Protein chains: 2
Amino acid sequence: MNMRRATIRDVAETAGVGVATVSRVLSGGSASPETRERVLTVAAQLDYRPSALGRNLRQRRSGGIGLLLPDITDTFYGRVADGVLACARSAGEPVIVGTTGDDPEREAELIGMLMEQGVDRLVAIPSGDGESWAPTLRAGLTTVFAHRTSAGCGDIPAVLADDRAGVRTAVDYLTGLGHRRIAYLGGPGQAQRLAVFREAMGPLVDEELIVVARGSRDSAYAAAAGLFQHRPDLTAVLAGGNLLGEAAVLAARELDLRLPRDMSLIMFDDVPWAELCSPSLTVIAQPAQDIGYRAAELVLRGGGRRPRGVLLPTELIVRGSCAARGTSRSPR
Amino acid sequence: MNMRRATIRDVAETAGVGVATVSRVLSGGSASPETRERVLTVAAQLDYRPSALGRNLRQRRSGGIGLLLPDITDTFYGRVADGVLACARSAGEPVIVGTTGDDPEREAELIGMLMEQGVDRLVAIPSGDGESWAPTLRAGLTTVFAHRTSAGCGDIPAVLADDRAGVRTAVDYLTGLGHRRIAYLGGPGQAQRLAVFREAMGPLVDEELIVVARGSRDSAYAAAAGLFQHRPDLTAVLAGGNLLGEAAVLAARELDLRLPRDMSLIMFDDVPWAELCSPSLTVIAQPAQDIGYRAAELVLRGGGRRPRGVLLPTELIVRGSCAARGTSRSPR
DNA sequence: CTGAAAGCGCTAACAG
DNA sequence: CTGTTAGCGCTTTCAG
């Protein structure tokens, strides 16, 4: 009952041709029309499916692409992953997924595992820096970064949301509402976004209003709560990700700060619950899915010409969490 | 600069032993202490990493496990995936992820792809029914279902949340608050949960208060809105998933139904935003991560003894979206 | 305890 | 256009 799968040899023998011919026909090589048809027929009859195992060994590389992201539980990354999967599926390529927890060491381990598997194409939301990535690249992995780059990895193509424009828009919107004391609540691996914030704020920037949390929910909450408690003079905050935004909402509620009366909030990344929140959250939407899809496209195209990557637009979606700076925030 | 990776042969020659010996040493076989040490040293020096490609072909199976889920964008499934990844990582196994979109056909395609890759262990949140799964199982894939089973696949081990208890608890809670007209808003592939709802409701059940949506957000919203509009006499609703819950909140708001005054809501699955919502949502929490982890454990243990699967407890978390049935809902 | 040898299923020269 | 052949890197008998 448990028949072994048909191999290329079975097909060859049944069709009365050599294995090479079968291989050629199935990979679109040259063959006489009649031979081709015969092979195809036999292959279909035998329900032949070429084994990736044999091919992989022969070519010294498993097809397929690796996907490394910090946390698959975060809907933003989930959407990026979805984009990658969509693209890979349309190319018939398997995707091996690993989560790094924003830990460069774990990232390196996963890369090692992928290389062992023969994976030589990688889409990553990087955690490590240039130094940590150097060995990987030297090893010849075709890599495309998604969502963010890594310091000292300027030569790796990256598909990014236009953080510069996003941050600038947010800051302009907030200052336009009269805010001056604007805080930034950031996460790991977003040095660039933070830099742009400083730049956009210009003389208004106050380093004490800048806090960066580690990746976890707890850390984000602690950062937000600490910020709000220690700097009661802030009137607006820009949260650099949906986890940070969530933490900000929670912390504000806990400290009895009302949005948007006591504090305005803009969050990076539009998530479904931004609309369910009350007040609903004003956000900078990022095309997460597209980021993943485009990154996968790039990596599948291979180390072709394309030297640099892609910049995708962001969009300010105004909802209810921002207000003009009214009379100063009530003392605490 | 681009040195080829060391192969087992390189190690053997450098250490002055046969390849078989190297293989044995590295896979914990028998070897004299000195030989073992020499091989290990050389392997380390050469930074030798055994190629999974070779091994896979030899063993006619790629290690690694396949993971099939409806939608990686849904945080519930994301958490399940996280659990699977966590377990697989601790076992050093790669995970190939595919999303089915709750489409049996697509599911079948993905399974085909996995088999081509030599994957022979699968964790799945199934979309298809027994008939659709039969070929897969016959082909010898070690399969474990997570989160739900498939009709006619009773013999496949499954790791499930205790839906029966969950639904019962929810219904009891609601009836305890005086509710009689309780609606059920379900999604695809949850026949069992629905069955339990009918059972738990007993004589109170009204088929017109039962609606099942397809997998998408739009479909969920349409279902919720339709239900609320056509059945203004309902006083409580049980949403069979976070997407459904989200849709219910949105639809209620749109129709100007206030929670919990006009309608009580219990949602399956506790998600971070349930607490951000206002009112915060009363939910049946499910151990999504555990479900994934345990499923991966089972599939890694292989087709061992364990005939049936595992049932994990759910928990009713009371927050603010339910109220005692007061005076009848205001007419519309 | 160890080495030699036989493939796993496939592709890519290389001849015919 | 087609068949033969030589491996890809590894594990696993089978002798020694």
Side-chain angles (χ1 to χ4, degrees), chain A residues 3-40 42-43 46-64 92 113-120 139-140, chain B residues 3-40 42-43 46-64 92 113-120 139-140:
Chain A
M3 351 191 309
R4 233 181 58 271
R5 288 200 71 71
T7 79
I8 196 175
R9 214 178 136 169
D10 300 327
V11 178
E13 285 175 0
T14 314
V17 300
V19 289
T21 304
V22 177
S23 177
R24 275 190 218 102
V25 169
L26 264 47
S27 39
S30 57
S32 81
E34 16 182 88
T35 309
R36 146 168 276 104
E37 171 144 15
R38 189 143 37 90
V39 169
L40 255 24
V42 172
L46 266 45
D47 189 32
Y48 169 66
R49 306 268 285 171
S51 155
L53 267 35
R55 179 181 9 192
N56 289 348
L57 176 55
R58 177 62 227 242
Q59 304 183 154
R60 288 114 153 281
R61 48 173 295 238
S62 105
M113 185 269 277
L114 288 174
M115 294 187 56
E116 205 164 308
Q117 299 299 319
V119 170
D120 66 346
Chain B
M3 352 189 309
R4 231 179 62 271
R5 287 200 72 69
T7 78
I8 196 174
R9 215 181 135 168
D10 299 327
V11 178
E13 285 174 0
T14 314
V17 299
V19 291
T21 303
V22 177
S23 176
R24 274 190 219 102
V25 169
L26 266 47
S27 38
S30 58
S32 80
E34 17 181 85
T35 310
R36 147 167 275 104
E37 172 145 15
R38 189 143 38 90
V39 169
L40 255 23
V42 172
L46 265 46
D47 188 33
Y48 169 66
R49 308 266 285 170
S51 155
L53 267 36
R55 180 184 11 207
N56 290 348
L57 177 53
R58 178 61 225 245
Q59 305 182 154
R60 287 113 154 280
R61 47 172 296 235
S62 105
M113 186 268 276
L114 288 175
M115 296 188 55
E116 211 164 295
Q117 300 298 320
V119 171
D120 65 346

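Only this structure's heavy atoms are used, side chains among them; waters, hydrogens and symmetry mates stay out. Sequence lines set the chain letters: A, B, ... in the order given, protein chains first and strands last, and positions in each chain run from 1. Because the structure is a prediction, the values reported are computed rather than measured.
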So, does [X] use its side chain to make a donor-acceptor pair with the main chain of [Y] at under 3.5 Å?
{"X": "B:T21", "Y": "B:V17", "result": "no"}
{"X": "A:S23", "Y": "A:V19", "result": "no"}
{"X": "A:R61", "Y": "A:D120", "result": "no"}

* Asked: Thinking salt bridges, do B:E13 and B:R9 make one under a 4.0 Å N-O criterion?
  ->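 Salt bridge flag = yes for B:R9 with B:E13.
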
In whole Å, I'd like the distance from the [atom1] atom of [X] to the [atom2] atom of [N].
{"X": "A:E13", "N": "D:dG3", "atom1": "CD", "atom2": "P", "value": "12 Å"}
{"X": "B:I8", "N": "D:dT12", "atom1": "CD1", "atom2": "C1'", "value": "11 Å"}
{"X": "B:R61", "N": "C:dG9", "atom1": "CZ", "atom2": "P", "value": "15 Å"}
{"X": "A:R5", "N": "C:dC8", "atom1": "CZ", "atom2": "P", "value": "17 Å"}
{"X": "A:E116", "N": "D:dG9", "atom1": "CD", "atom2": "C1'", "value": "13 Å"}
{"X": "B:R9", "N": "D:dC8", "atom1": "CZ", "atom2": "P", "value": "7 Å"}
{"X": "A:D10", "N": "C:dG9", "atom1": "CG", "atom2": "P", "value": "9 Å"}
{"X": "B:Y48", "N": "D:dG9", "atom1": "OH", "atom2": "P", "value": "10 Å"}

* Identify the two heavy atoms, one from A:A52 and one from B:Q117, that lie closest to each other, and give their separation to 0.1 Å. =>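 A:A52 and B:Q117 have their closest heavy atoms at CB-OE1, 3.7 Å.
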
* At their closest point, which heavy atom of B:P50 faces which heavy atom of A:E116, and how far apart are they? ->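 Looking at all heavy atoms of both residues, the closest pair is O-CG, 3.1 Å.
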
Of the candidate nucleotides [options], which contains the atom at the shortest distance from the side chain of [X]?
{"X": "B:S51", "options": "C:dT11, D:dC10, C:dG9", "result": "D:dC10"}
{"X": "A:L57", "options": "D:dT12, D:dC8, C:dC8", "result": "D:dC8"}
{"X": "A:S32", "options": "C:dC8, D:dG9, D:dC1", "result": "D:dC1"}

* Identify, between B:R55 and A:P33, the residue whose nearest nucleotide on DNA chain D lies closer to the 5' end. =>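 Residue closer to the 5' terminus by nearest nucleotide: A:P33.
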
Distances under 3.5 Å between nitrogen or oxygen atoms of protein and nucleotides 4-7 of chain D:
{"from": "D:dG7", "atom 1": "N2", "to": "A:R58", "atom 2": "NH1", "distance (Å)": "3.4"}

* **Test side-chain contact (heavy atoms from CB on, under 4.5 Å) applied to A:Y48 and A:T14, A:L26, A:D10, the passing residue** =>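 Exactly one candidate clears the test, A:L26.
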
* Check whether any side-chain nitrogen or oxygen of A:T35 sits under 4.0 Å from OP1 or OP2 of D:dT2, and answer yes or no. =>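 The answer is yes; a side-chain N or O of A:T35 sits under 4.0 Å from OP1 or OP2.
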
* Find which nucleotide of DNA chain C each of A:S23 and B:R36 is nearest to by heavy atoms, and output the residue with the more 5' nucleotide. =>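 Whichever sits nearer the 5' end wins; that is B:R36.
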
* Just call it for A:G16: base, sugar-phosphate, or nothing, with non-hydrogen atoms closer than 4.0 Å on any strand. =>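 The answer is sugar-phosphate, as A:G16 gets under 4.0 Å only of primed atoms, P, OP1 or OP2.
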
